[in-house]
Amino acid sequence: MANGTIAMTDLPVPKAEKSFFEQSTNKHSGILSWLLTTDHKRIGLMYMFGIISFFLVGAIIGLLMRLELLSPGGKIFSAQTYNSLFTLHGVIMIFLFIIPGIPAIFGNFFLPIQIGARDVAFPRLNLLSWYVYIVGAILALTSLFLPGGPIDTGWTFYIPYSVRSGSNVSLAIFAAFILGFSSILTGINFVTTTHRLRAPGMSFFKMPLFVWATYATAWIQIIATPVIAITILLVIIERAFGVGIFDPALGGDPVLYQHMFWIYSHPAVYIMILPAMGVVSEIIPTFARRTIFGYKQIAYSSLAIAFIGYLVWGHHMFSSGQSDTSNWIFSLLTFLVALPSGVKIFNWVATMYKGSIDPQPPFLWVMSFIVLFSIGGLTGLVLGALATDIHLTDTYFVVAHFHYVMFGGTGTIFIAAFHYWFPKMFGKMYNLKFAKIAVVTYFIGFNMLYFPKFIMGYLGMPRRYYDYLPMYTPYQRISTYGSWILVSTLFFIVGYFIHAYFRGKKATSNPWGGVTLEWHIPSPPPVENFKVIPVITHDPYDFSQLKEMKDE
Amino acid sequence: MSDHQDAVLEVNHVHRDDVGARMGMWLFLLTEVLLFGGLFLVYAVYRYQYPDQFRIAGMELNTSIGTLNTIILLTSSLTVAISIAAIQKGNKLLSVIMLSLTLVMAFMFLVNKFFEWETKFSHGIIPGSKEMTSKPNGQILFYGLYFVMTGLHALHVIIGMIILAFMLVFVIRNKITEGNYVKLENSGLYWHLVDLIWIFLFPLFYLVQ
Ligand code: HEM
Ligand SMILES: [Cu+2]
């Protein structure tokens, strides 16, 4: 039987059926019914509040840095303050926003639904991960206000400065350690869920691509995070007890620290981007009304990225004194990892070819993603090539590159995912016109903010400086104006979503005409997701179901 | 399908899946292996850089205490395994005895470790101390790693003891039974891992010369 038919016949949606908002999974009501919930959907939303708050805090710090750089001369902040600002901005954006971002919110909410399950494999562990995340966040915040002052090492915590700095390095990186735990627990949960809880008939190659991507990501979370955990722990021990590990004064090797840091932090880049690629693979078929082109290639390329991505960390260290042999091997591998990413881009574009495209906001956000992410990816190759990297390393070129990839790539899709799934999660529709305006101002603001940084970097503007030579003034100006447009767009987006939640029109169960399982159940979903676990016979993007779904 | 239908009745979303639980535990153990893997990597790099000084420093360690502790820990792995086998056969008493023995041996291990560290400290081998930092670099690193790795391992022993103590209570209160022992099984796995890590630490610090 088709999953479409089942959803509609065995699951007649009686008006009385309560959504997960109205029905608690424990004996409490009110705030405790959330804080003690084991429902993956509620936990996803609790992550959402934390993650979005930190995203906005991080964005405001970014805004402040840009304000400082409006004109040369270091007028607003001292050099020390600027050091702390970019460190905090980096730490918040990386560890509190972009790494947990899509998996913790949308993975939690939709992974179980898309495989036809009622929850994740370990619901209580899932709640624990949220608490661990919150504890990590609180520790990070506490470190700002203790004597010693906020951490000023940059988000990479490089040795030897991180063992010498008098700022609160230990507490801040301990926070990152704790956040790593949360990430590991979530990863274990998602891998087990994918293996154990797929609905009958859902073979691995019938899973939606968002599930594939989240699954591959979960593996990286499990395999890479322990390495940063031990590295951070060693720095803390070195600071606290003077044990010799990395500090060159005690015989240690700072380059070894860099290796261990990037053994985690490069794969972490794929923890950031893979889930976003999964979301893209959901949105494009839905709005092109066409099954995805090259399903298996996209699925395998996620695994290939997860695997090769583990072996390229050395490209962050071309100028830090590793051997020439390492340099060219890492450079070669870096070029290789561009292949599976390219496979994905071509498959997405091929999916749109001859589709009947419906340019709704989620789709437009994805278009914006494809442009921004391609710029980020291609400039990544410029940095992956040895000769050019020596010229560009530690300049604004790098800053521009990683903002295009992380923010233009994952950040944009984070926003796209909200536009796609908001009606399902909250049962309300947002203002489509506002959303279309936001895509445009976002795109303009983004490029104004970051494109000049490519040029400045090429001209030699180093990163992490609170001041600059007057020759950079015009570019810095444009960049700061761009930050105003971009950050106001972000607040505009948050604004119209909040408005939609309270005042928006009711959304139907399938406003976009999607066919994956989440569109077969009511919006917002009931606590148990499915009254009867569906039996899967269709391929995930088989749009012939759409007719059955409408006929019922 | 039938177990899925049962699950409908459970509003709290928690259902029993022993295979899933075991899979989760293995994944967790993998992260532990990688955590210590990072340390072994650091060890390998520095041993390669300072082979002579690592040898000299390694000779200072007390091989007999190390050997004794290895025997204790290996035996405790055996007793955990027996306690699991016992509960599978419904022999609660044997299971309780074996678990208690495991806890006793874990404690003995820690006591030995304590005296070992204590003698090092009394010889002035204390991280960050004058006496320590005046040694050649390779020895500073050796002792740094020695304290960090055996310390982290000891922490795992303590965590393992806490977990096993809970399991003991569960067995006594019949929460772990012949038909539902996956918790004990998983705790046993954790304990074997603690044991396994020691099996690598022991030769690297005490024997390789
Ligand atoms: C919201 C608008 C944002 C603005 C205005 C902004 C601006 C900036 C600025 C001015 C810097 C410092 C450049 C330097 O002096 O070297 C910076 C660094 C950085 N940003 Fe952003 N950014 C924004 C969003 C993001 C996002 C979304 C992410 C990650 C997903 C991110 C990740 C980083 C990282 C990792 C650094 C490097 C920190 C370091 O050097 O240690 N930023 N950003
Ligand atoms: Cu990298």
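Every chain is numbered from 1 and lettered A, B, ... according to where its sequence line falls, protein lines coming before strand lines.
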Checklist entry - Does the pair B:Trp26 and A:Thr192 meet the rule for a side chain to side chain contact (heavy atoms under 4.5 Å, CB included), with working shown? => result CA-CA 10 Å; B:Trp26 278 106; A:Thr192 314; over 6 Å; no
Next on the checklist: Determine whether A:Thr225 and B:Thr31 satisfy the following criterion, side chain to side chain contact (heavy atoms under 4.5 Å, CB included), listing intermediate values before the conclusion.
Outcome noted: CA-CA 8 Å; A:Thr225 317; B:Thr31 69; over 6 Å; no
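- Of the two parts of B:Phe147, neither the backbone nor the side chain holds a non-hydrogen atom closer than 4.5 Å to a non-hydrogen atom of chain A.
- Nearest approach of B:Pro127 to A:Val243, heavy atoms of both residues: CB-CG2, 3.5 Å.
- Within a 6.0 Å sphere centred on CZ of A:Phe181, other residues, nucleotides and ligands contribute 12 heavy atoms or fewer.
- Residue with the most contacts toward chain B among A:Ala249, A:Ala229, A:Gly242: A:Gly242 (heavy-atom pairs, distance under 4.5 Å).
- Proximity to chain A (any heavy atom under 4.5 Å) is shown, for B:Glu32, by neither the backbone nor the side chain.
- Of the atoms belonging to B:Tyr143, not a single heavy atom falls under 4.5 Å from chain A.
- Counting heavy-atom pairs closer than 4.5 Å to chain A, the top residue among B:Thr133, B:Val33, B:Val42 is B:Val42.
- Contacts of A:His195 with chain B are made by side-chain atoms alone, with heavy-atom separations under 4.5 Å and no backbone atom involved.
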Next on the checklist: Using the rule given for side chain to side chain contact (heavy atoms under 4.5 Å, CB included), can you reason through A:Ile230 versus B:Leu152, listing the C-alpha separation, both sets of side-chain angles and the distance that settles it, and then say yes or no?
Outcome noted: CA-CA 10 Å; A:Ile230 192 64; B:Leu152 198 62; 3.8 Å; yes
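- Interface residue A:Ile222: backbone and side-chain heavy atoms are both found under 4.5 Å from chain B.
- Contacts between A:Ile188 and chain B at a heavy-atom distance below 4.5 Å involve backbone atoms as well as side-chain atoms.
- A:Leu233 touches chain B through its side chain: at least one heavy atom from C-beta onward sits under 4.5 Å away, while N, CA, C and O do not.
- With a threshold of 4.5 angstrom between heavy atoms, B:Ile140 approaches chain A through its backbone and through its side chain.
- For A:Asp253, the parts lying near chain B are the backbone and the side chain together; criterion is any non-hydrogen pair under 4.5 Å.
- Across A:Ile245 and B:Leu145, no two heavy atoms sit closer than the pair CD1-CD2, 4.1 Å.
- Looking at B:Val45, only its side chain comes within 4.5 Å of chain A, counting heavy atoms on both sides.
- Highest contact tally toward chain B, considering only A:Ala121, A:Ala117, A:Gly252, is held by A:Gly252 [criterion: heavy-atom pairs under 4.5 Å].
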